[in-house]
Amino acid sequence: MSGSPDPSRADLLRGSLTAVAPAAHDLVSHFYALLFLRRPDLRELFPPAMDLQRDRLLAALLRLGTGADEPHELRRFLRRLGRDHRKYGVLDEHYDAVGSALIGALARYLGGRWTPELQAAWLEVYTWAAAVMIEAAADDAEEAPPWWDAVITGHEPRGRDIAVITVQPDQPLPYHPGQHVTVETPWWPRVWRHYSIANAPRVDGRLELHVRAVPAGWVSNALVHRARVGDHIRLGPARGGLVLRGETLRRTLCVASGTGLAPIKALVQHMAQRQLANRAHVFIGAKYGADLYDLTALAAMAQMYPWLHVIPAVSHDRSFAGDHGALPDVLARYGRWHDHDVFVSGSAAMVRATAHRLTGELGVAPQRLHTESLDAIVPGPRLLQGC
């Protein structure tokens, strides 16, 4: 499609968001009230609990209102949302209802600041955004289903709160090692959560997922504690940018904590299959040795491939025989890593701390550092949403 929002209106849109910020959560609540009042049939597209949904809509409004002067980046973001909307059952006609509710909510909470010029600016950017998402959904429909039905073929508990789950999709699900899929369970319809794929593509098409049950985590607790072999789940399309670039030999540093190990494991398998690694170091961090739930599999891979070096480290377990300390500190003891491609996966706090240390004193150029984009991981129906 051609065209893009008028960049001269970007300051106007940003100013309106600043003005409405004190009442942002009320605005979002009013948006949903308007939407479901006018189109009650749309309520079934959303999860039962809407608290998290409100925060994500607010983040999307910020992205839409502040990105009008960067149309290429905003277009890429919106195309991803448009493709992902398919698995929620979103239709082209739904975008008009969303736009009407959005304009109504903005008009109410901006009060006297709501002018014909501002209304025109929001109508323009939303109309353009909806067209981009509709086009992306149509393009995606020519290549892939809205979701994949998958049967659980393996369910292996690893401690109290982690399970390694193997699933068989009903048809091939294309992905790159390091990417994630979203998962919906039969026990919590319309609630989707992302999980990284822990294996490189296999001939039989099966996927390995590492799931940690988190407090109040509907999907994670269902997968870890309730799911059994033979149960069916739904998988969304693969997304994420934590992938290898190119097919050349390289020195690689991989850093993982918790179930962030899953995409790292897939990357290592891919390097082994394609003989892409000159040397690879994999650092796995946890608080206690018992939390290194997949160390046995990684150690077996290290014995098989002489170029692979696996270094486990713990921060709270004095009895552990290996390295001790937080991952950034352990990395610093081993070298500067400036000549390595670096992949980091795990908790947001660990990723931030590790990235800061690597690009600071350890000499890694930012363009060689790869982490999962938070923009790519957004559960729930995402009409005008994302964070």
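Here the structure is a predicted model, which is why all the values come from computation and not from measurement.
Tyr95 and Leu106 fall within a single hydrophobic cluster, where Ile, Leu, Val, Met, Phe, Trp and Tyr are joined by side-chain heavy atoms under 4.5 Å apart, directly or via other members. In the hydrophobic cluster analysis, where Ile, Leu, Val, Met, Phe, Trp and Tyr join through side-chain heavy atoms closer than 4.5 angstrom, Met304 is grouped together with Met271. In terms of hydrophobic clustering, with Ile, Leu, Val, Met, Phe, Trp and Tyr side chains grouped at heavy-atom distances under 4.5 Å, Ile284 and Trp307 are assigned to a common cluster. Leu110 is connected to Val125 through a chain of hydrophobic side-chain contacts under 4.5 Å among Ile, Leu, Val, Met, Phe, Trp and Tyr, so both are in one cluster.
A 4.5 Å side-chain heavy-atom check between Val224 and Ile162 finds every atom pair outside the cut-off. Looking at Pro366 and Arg368, their side chains never come closer than 4.5 Å, going by heavy atoms from C-beta outward. Contact check for Val151 versus Val167: no side-chain heavy atoms found under the 4.5 Å cut-off. Residues Val243 and Phe343 fail the side-chain proximity criterion, which asks for heavy atoms closer than 4.5 Å. Counting heavy atoms from C-beta on, the side chains of Leu207 and Thr166 never come closer than 4.5 Å. By the 4.5 Å heavy-atom criterion applied to side chains, Phe320 and Leu292 are counted as neighbours. Residues Leu358 and Leu331 form a side-chain contact, since some pair of their non-hydrogen atoms from C-beta on lies under 4.5 Å apart. Contact annotation: the side chain of Ser220 approaches that of Tyr195 to within less than 4.5 Å [non-hydrogen atoms, C-beta and beyond].
Under the 3.5 Å distance criterion, the side-chain polar atoms of Arg39 are left unmatched by any main-chain donor or acceptor of Arg43. Remark: the backbone N or O of Val214 is paired with a side-chain donor or acceptor of Asn221 at under 3.5 angstrom. With Gln168 contributing its side chain and Asp204 its backbone, the two residues share a donor-acceptor pair below 3.5 Å. Between the side chain of Arg158 and the backbone N or O of Tyr293 there is at least one donor-acceptor pair closer than 3.5 Å. Of the possible donor and acceptor atoms, none in the side chain of Ser100 sits under 3.5 Å from a partner among the backbone N and O of Asp96. The main-chain N or O of Gly240 is found under 3.5 Å from a side-chain atom of Gln179 such that the two form a donor-acceptor pair. In terms of modelled atom types and a separation under 3.5 Å, the side chain of Tyr288 and the main chain of Ser315 share no donor-acceptor contact. Of the possible donor and acceptor atoms, none in the side chain of Ser196 sits under 3.5 Å from a partner among the backbone N and O of Pro263.
Here the closest heavy-atom approach between residue Thr185 and residue Ile233 is recorded as CA-CG2, 4.4 Å. For Arg113 against Ala19, the heavy-atom pair with the smallest separation is CD-CB, 3.5 Å. When every heavy atom of Trp188 is checked against every heavy atom of Ala222, the shortest pair comes out as CD1-CB, 4.4 Å. The minimum heavy-atom distance linking Leu235 with Ala150 is given by the pair CD1-CB, 3.8 Å. Summarising the geometry of Gly289 relative to Asp317, their closest heavy-atom pair is N-OD2, 3.0 Å, with the distance given to 0.1 Å. Minimum interatomic distance between Leu27 and Ala105 (heavy atoms only, all atoms of both residues): O-CB, 3.8 Å.
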Please determine whether side-chain contact (heavy atoms from CB on, under 4.5 Å) holds for the pair Leu298 and Ile264, giving the CA-CA distance in whole Å, both sets of side-chain angles, and the decisive distance to 0.1 Å. CA-CA 10 Å; Leu298 268 292; Ile264 298 302; over 6 Å; no

Would Val183 and Trp192 satisfy side-chain contact (heavy atoms from CB on, under 4.5 Å), going step by step from the backbone distance to the final call? CA-CA 5 Å; Val183 176; Trp192 295 78; 5.6 Å; no

side-chain contact (heavy atoms from CB on, under 4.5 Å), that's the test. Do His30 and Leu34 meet it? Break it down for me. CA-CA 6 Å; His30 188 65; Leu34 289 176; 3.6 Å; yes

Run the ring-ring contact (aromatic ring centres under 6.0 Å, His included) check on Phe46 and Tyr32 step by step: do they pass? CA-CA 11 Å; Phe46 292 79; Tyr32 283 114; 5.8 Å; yes

Side chain to side chain donor-acceptor pair (under 3.5 Å) evaluation trace for Gln171 with Trp148: CA-CA 7 Å; Gln171 55 184 301; Trp148 285 256; 4.7 Å; no

Derivation and outcome, salt bridge (charged side-chain N to carboxylate O under 4.0 Å, His left out), residues Arg251 and Asp341: CA-CA 6 Å; Arg251 291 186 175 186; Asp341 291 329; over 6 Å; no

Checking Leu17 against Arg14 for the side-chain contact (heavy atoms from CB on, under 4.5 Å) test, could you report, in this order, the C-alpha distance in whole Å, the side-chain angles of both residues, the deciding distance, and whether it holds? CA-CA 5 Å; Leu17 290 174; Arg14 277 192 289 266; 5.5 Å; no

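With values rounded to the nearest 0.5 angstrom, Lys87 atom NZ is found 10.0 Å from Asp140 atom CG. Atom NE2 of His176 and atom CD1 of Ile197 lie 11.0 Å apart (nearest 0.5 Å). Taking CE from Met350 and CG from Leu327, the interatomic distance works out to 5.5 Å, rounded to the nearest 0.5 Å. Distance CG/Leu118 to CG/Leu13: 7.0 Å, rounded to 0.5 Å. In this structure, NE2 on His370 lies 8.0 Å from CG on Leu244, to the nearest 0.5 angstrom.
In His210, the NE2 atom is crowded: over 12 heavy atoms of neighbouring residues, nucleotides or ligands sit closer than 6.0 Å. Within a 6.0 Å radius of CD in Gln275, other residues, nucleotides and ligands contribute 12 heavy atoms or fewer. The environment of CZ in Arg76 is sparse: at most 12 heavy-atom neighbours from other residues, nucleotides or ligands sit within 6.0 Å. Residue-environment remark: CZ (Arg160) stays at or below the threshold of 12 foreign heavy atoms within 6.0 Å. Within 6.0 Å of the CZ atom in Arg38, the count of heavy atoms belonging to other residues, nucleotides or ligands exceeds 12.
Side-chain N/O atoms of His180 and Tyr175 include no donor and acceptor closer than 3.5 Å. With 3.5 Å as the limit, one finds no donor-acceptor pair spanning the side chains of His94 and Tyr88.
A salt bridge does not link Glu73 with Arg75: none of the charged nitrogens is closer than 4.0 Å to a carboxylate oxygen. Of the charged side-chain nitrogens involved, none lies within less than 4.0 Å of a carboxylate oxygen, so that Asp139 and Arg83 do not count as a salt-bridged pair. Salt-bridge check for Lys265 with Glu208: passed, with a basic side-chain N closer than 4.0 Å to an acidic carboxylate O. A salt bridge is defined here as a Lys NZ or Arg NE, NH1 or NH2 lying under 4.0 Å from an Asp or Glu carboxylate O, and Arg228 with Asp231 fails to meet this definition. A salt bridge links Arg357 and Asp329; the closest N-O separation between the charged side-chain nitrogens and carboxylate oxygens is under 4.0 Å. We find that Glu184 and Arg190 are not joined by a salt bridge, their nearest charged nitrogen and carboxylate oxygen being 4.0 Å or further apart. With respect to the salt-bridge test (charged N to carboxylate O, under 4.0 angstrom), the residues Glu135 and Arg79 qualify. Look at Asp149 and Arg234 and you find no salt bridge, because none of the NZ, NE, NH1 or NH2 atoms lies under 4.0 Å from a carboxylate O.
A cation-pi contact links Arg63 to Phe77, judged by a cut-off of 6.0 Å to the six-membered ring centre and 45° from its axis.
Judged as a side chain to side chain contact (heavy atoms under 4.5 Å, CB included), and not counting sequence neighbours, the contacts of His281 are Leu253, Arg279, Phe283, His309, Ile311, Trp337, His340.
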